[in-house]
Structure formats: C-alpha cells, structure tokens
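For reference, the structure discussed in these notes is given below.
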Amino acid sequence: MNAEKQYIELFEQCHSLICSHSSDVMNAVRQRAFDDFKRLGFPSRKVERYKYTNIDELFAPDYGLNLNRFEIPVNPYDAFKCDVPNLSTLLYFVVNDAFYDIANRRPAASLLPEGVIIGSLRDHSSTDSPISATLKRLYAQIANTADDAATALNTMLAQDGLLVYVPRGAKVDKAIQVINILKNPSQESLPFMVNRRVLIILEEGAEAKLLFCDHAADDNLFLTTQVIEAYVGEGAQLDLYCLEETHAKNIRVSNLYAEQQRDSRLRHNVITLHNGTTRNRVDVDLKGEGAECWLGGCVIGDKQQHIDNNTLITHHVPQCTSHELYKYVLDDDSTGAFAGRVLVKHGAQKTSSEMRNQNLCASAAARMYTQPMLEIYADDVKCSHGSTVGQLNDAALFYMRQRGISEREARLLLQQAFVTEVIDNIALEPLRDRLRYLVDKRFRRELSHCEGCQLCK
C-alpha cells in the first residue's frame with residue numbers, strides 16, 4: 001500500500017470532524033488540497049526536488065493525530081526553559097499544532113504596537129474577526145498545493161495554526177519568540193503526527209523579528225509537517241530564524257513560502273542542531289523591484305541524522321538581490337543534502353544573486369549531496385553560485401598541534417570557525433552569542449545535557 005492511501009481514507013472518513021474543529025477560512029481550501037494530494041501522491045526520489053529524501057518512507061507509519069482537539073496535558077513553562085541570556089522577547093507557545101492560549105498571557109500583547117496580532121489562526125479567521133477578509137484572501141495562496149504533496153497534506157489536515165499580523169507602518173521592536181513543543185497526548189509511546197500552520201503578514205513598512213524554536217517534550221516518534229506563508233509588503237522587513245533542537249526520533253518536513261514586494265527585506269536563517277530527519281523547503285518570490293532576501297543555514301549532523309535543505313528563489317522583476325549561504329558539518333554516518341535554484345525570469349534585468357554551499361565531512365562515512373543551480377532568462381544580470389565538499393585542513397591541524405592544542409580540541413575549533421560565518425549574519429546579538437555556545441556544546445556532544453532541556457532529566 002502506498003503511504004498516501006491511509007491519508008486519503010482518513011480524510012474521507014473524518015472530513016466533517018476536521019472541519020468542525022477549524023474555521024471557514026481554513027476549510028474553504030481543504031477540499032482543493034485533498035484533490036491535489038490524491039492527484040499527486042507522495043513524490044518519489046525521481047522527482048527533482050525530492051531526490052535526496054525518501055518522503056514516502058517517512059509518511060508510511062500509522063501515525064496518530066489529535067483530530068478531536070483534546071487538550072494536551074502539558075505546562076509549556078515546564079517543558080521549556082529559555083536560558084538565552086539577555087534575549088528579551090515576546091514569548092508565545094504552540095503545542096503541537098495549536099496556539100496555546102493558556103500559557104500565552106495577555107501582558108505580552110500589551111507590549112505590541114496597536115493593531116499587531118499574534119494568536120490562533122483558527123480564532124482570527126472566524127467570520128466575526130476584523131481581518132477575516134484579509135486572511136481569506138491570503139491563506140493558502142502562495143503555499144501551492146497543486147505542486148507539492150506535503151503542502152497539500154498539511155493544508156487538508158491542519159485545523160489551527162499561528163497568525164502573525166503586523167499592520168501598515170507598525171514596528172515590533174522586541175523579537176517574537178515562538179516555542180513549538182511536540183507532545184504526545186496519549187500515555188502510550190505511539191507514532192504521532194503534527195500538522196503545523198503559520199501565516200505571517202507584514203503590511204507596507206512593517207517590521208518584525210521572529211524566532212521559532214522546535215523542542216520535544218516526549219521521547220517519542222514525531223512527524224511534523226509545517227507550512228509557513230510569509231507576505232512581506234512594500235518596504236517591510238522580516239527576520240525569521242528557525243532553531244531545531246529536538247531528538248533523533250523526530251521527523252520534520254517544513255515548507256516556507258515567501259512573497260516580497262517593492263523594497264522589502266527578508267532574512268531567513270535555519271539552524272539544525274539536533275534532529276532525526278529534516279527536510280526544509282524554502283520558496284521565495286521577489287515580486288517588487290528593489291526587494292532583497294538573504295537565506296542562511298547551519299547544519300550539524302552526526303550518528304544517522306539526515307538533513308535536506310531545498311531552496312528556490314525566483315526573480316520576477318528587475319533590480320532585486322538574493323544571497324544564500326548554507327554550511328554543513330557532518331560526522332559519523334550522517335547525510336546532508338542541499339539543492340538551491342535561482343530562477344531569473346524574462347525581463348528581470350539588473351538582478352544580483354549569490355549562492356554558496358560549503359560542507360565539511362568530519363568522518364569517512366558522512367555523505368553530502370550538493371546541487372547549486374542557476375536558470376537565467378535575462379542578459380543584464382550578476383549571478384554566481386558554487387559549492388565545496390571537503391575535510392578538515394591537515395595543515396591547520398598540524399599548525400595548532402604544534403602549539404600545544406590537542407587534536408580533539410583543534411578539530412572542534414576548526415569546525416566552529418567553519419560555521420561562524422552563518423551565525424554572524426543573525427541580527428539578534430544575544431541569540432547570536434547563545435548559538436555560538438550551543439554550537440560548541442553540540443560539537444562536544446554535550447547538547448543533550450544543556451540547561452533548559454527537560455528531555456533527559
């Protein structure tokens with residue numbers, strides 16, 4: 001039986017139940033997504049954008065879902081304790097796929113500029129919400145269910161999500177920190193699926209910084225599908241940082257879709273410190289002249305971890321700029337993959353684009369697959385791309401050993417220096433400093449014992 005069959009049967013049997021615990025806006029596109037999913041099925045590795053990850057295998061187990069929306073017995077403050085010094089944030093929680101309203105106290109809302117909304121996508125997309133018309137117009141529009149089965153599956157099953165709405169001219173000075181906590185509602189340790197949805201809307205001239213942190217409160221097999229839609233309006237600025245720090249049983253399939261208007265700025269950085277299998281897809285459409293995006297990624301893998309980052313930046317109009325820098329350090333039997341494509345369409349003159357993927361294999365068994373691509377249909381552009389795969393520099397190791405540094409410590413220092421360039425591009429200084437500390441502990445294989453992690457206690 002193909003993996004998609006069980007999800008088709010599930011939706012057909014539970015369609016009314018799924019809709020009854022959601023909203024009209026989310027339900028309006030559900031059938032379309034289901035039709036797309038039935039037509040597509042899960043992609044095989046013969047599909048170009050999925051050649052490095054076996055999606056059908058990931059979705060094959062019989063996962064449980066909380067379609068009845070039972071309350072999850074968890075106190076987010078017990079499951080997660082932020083120990084980032086001096087990181088003053090507006091703190092919110094999402095437990096599995098639902099905005100956790102009990103933990104998200106109202107004082108945080110009082111610190112937001114007028115008109116800014118951070119809350120349940122389901123609640124704010126109800127018919128009596130003042131922005132329901134905006135949500136109806138934008139929800140599931142750039143997340144293309146006709147093109148991607150994982151996006152279609154998420155759209156047909158998601159019942160709630162997170163909404164971040166920043167109106168015209170509003171600037172959120174403090175970073176918005178969202179803690180995504182995975183928690184099995186059952187007492188039994190059974191495979192569990194979470195379908196998380198995020199909608200980010202920054203209107204003209206708006207500014208916001210978001211930090212998403214993924215954690216697991218149970219030592220359980222989790223499969224998380226995540227779809228993020230980000231609309232960055234004219235002159236708006238969005239910083240979006242994603243930090244994955246879960247465990248080896250966690251599977252994450254995350255798709256980010258972003259649309260930028262004239263003179264907008266998008267900075268996206270994904271840090272994978274600990275995981276099982278991760279597949280991140282990022283699609284950015286530069287729709288307005290003068291738009292600029294910066295995509296960055298830092299991956300540290302060991303044991304049997306698998307991390308696959310797949311990006312597509314489309315330059316639709318002239319005079320836009322894009323930057324990409326992804327760095328991997330792989331040890332033991334871990335596997336990494338990066339496929340980046342920049343598409344410059346007809347008429348997108350004066351495009352400037354740079355893509356780099358640099359990779360370090362610290363063991364003979366580690367494997368890295370890299371595929372940078374340029375597709376250009378304009379003649380007045382400045383575009384470059386490149387990738388490298390190598391091992392630690394023997395001359396540098398010898399130099400450090402000659403100065404009394406042990407071989408193990410020398411290797412750690414060189415690995416840390418290798419990923420520093422990605423971390424330095426993070427605008428939040430306290431987070432940048434904390435990541436340096438976490439990266440050091442990760443390379444020393446001490447991360448599971450770090451303060452604030454409840455999983456191993």
Side-chain angles (χ1 to χ4, degrees), residues 1-19 22 26 29-68 96-97 140 143-159 161 182 184-186 188-197 214 216 218 220-228 244 246-257 275-281 283 304-310 335 337 339 369:
M1 182 178 71
N2 293 331
E4 60 265 12
K5 184 177 179 181
Q6 62 178 316
Y7 300 101
I8 293 171
E9 293 176 352
L10 171 70
F11 185 83
E12 290 175 339
Q13 295 169 7
C14 301
H15 182 215
S16 298
L17 175 63
I18 294 170
C19 292
S22 191
M26 300 184 75
V29 297
R30 206 176 294 280
Q31 184 62 46
R32 182 190 73 192
F34 175 64
D35 293 339
D36 287 335
F37 180 75
K38 281 200 301 182
R39 175 179 54 83
L40 292 168
F42 288 118
S44 71
R45 299 183 74 164
K46 294 181 180 179
V47 176
E48 182 67 24
R49 296 199 72 174
Y50 284 93
K51 65 190 298 183
Y52 301 116
T53 301
N54 191 336
I55 292 294
D56 192 76
E57 181 180 87
L58 299 181
F59 283 86
D62 183 14
Y63 293 97
L65 292 97
N66 186 16
L67 299 181
N68 277 303
N96 291 338
D97 58 354
N144 190 359
T145 60
D147 175 62
D148 185 82
T151 299
L153 179 69
N154 178 282
T155 305
M156 76 190 209
L157 294 179
Q159 295 169 288
L182 296 173
N184 191 343
S186 170
E188 302 178 27
S189 182
L190 298 174
F192 189 72
M193 173 185 280
V194 171
N195 297 292
R196 185 188 304 137
R197 195 78 184 205
D214 284 11
D218 291 325
N220 193 78
L221 173 59
F222 290 104
L223 168 61
T224 302
T225 73
Q226 175 176 266
V227 173
I228 303 175
E244 184 180 8
T246 54
H247 55 63
K249 295 180 182 179
N250 189 66
I251 299 169
R252 164 185 155 119
V253 179
S254 176
N255 291 354
L256 166 64
Y257 299 88
N275 73 310
T277 299
T278 295
R279 207 274 177 174
N280 296 317
R281 167 176 172 164
D283 287 16
Q304 284 79 42
Q305 292 172 245
H306 177 85
I307 307 97
D308 178 357
N309 284 293
N310 189 291
T335 305
Y369 303 91

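- Remark: side-chain polar atoms of R197 are not paired, donor with acceptor, to backbone N or O of A158 under 3.5 angstrom.
- When L221, N96, D218 are each tested for a side-chain contact (heavy atoms from CB on, under 4.5 Å) with F192, only one passes: N96.
- The shortest side-chain heavy-atom distance between Y52 and N309 does not fall under the 4.5 Å cut-off.
- With rounding to the nearest 0.5 Å, the separation of OG1 in T225 from CG in N195 is 3.5 Å.
- Of the inter-residue distances, the one linking R45 atom CZ with Y50 atom OH reads 13.5 Å to the nearest 0.5 angstrom.
- Taking CE from M193 and CG from D62, the interatomic distance works out to 10.0 Å, rounded to the nearest 0.5 Å.
- Note that CZ of R252 and CD of E244 are 5.0 Å apart. Values are rounded to the nearest 0.5 Å.
- Under 4.0 Å is where a charged nitrogen must lie from a carboxylate oxygen, and between R32 and D35 no such pair does.
- Contacts of F34 classified as ring-ring contact (aromatic ring centres under 6.0 Å, His included), with partners at least two apart in sequence or in another chain: F11.
- Of the candidates T53, N54, T277, H306 forms a side-chain hydrogen bond (donor to acceptor under 3.5 Å, both in side chains) with just one, namely T53.
- Using a cutoff of 4.0 Å between basic side-chain nitrogens and carboxylate oxygens, R49 and D283 are scored as salt-bridged.
- The closest side-chain donor-acceptor pair between D148 and N255 falls under 3.5 angstrom.
- Expressed to the nearest 0.5 Å, how far CG of L153 lies from OG1 of T145 amounts to 11.5 Å.
- Note: F37 CZ to I8 CD1 = 5.5 Å, rounded to the nearest 0.5 Å.
- At a threshold of 4.0 Å, the pair D147-R281 counts as salt-bridged, since one of the basic side-chain nitrogens sits closer than that to a carboxylate oxygen.
- With salt bridges taken as basic N to acidic carboxylate O contacts below 4.0 Å, one links D214 and R196.
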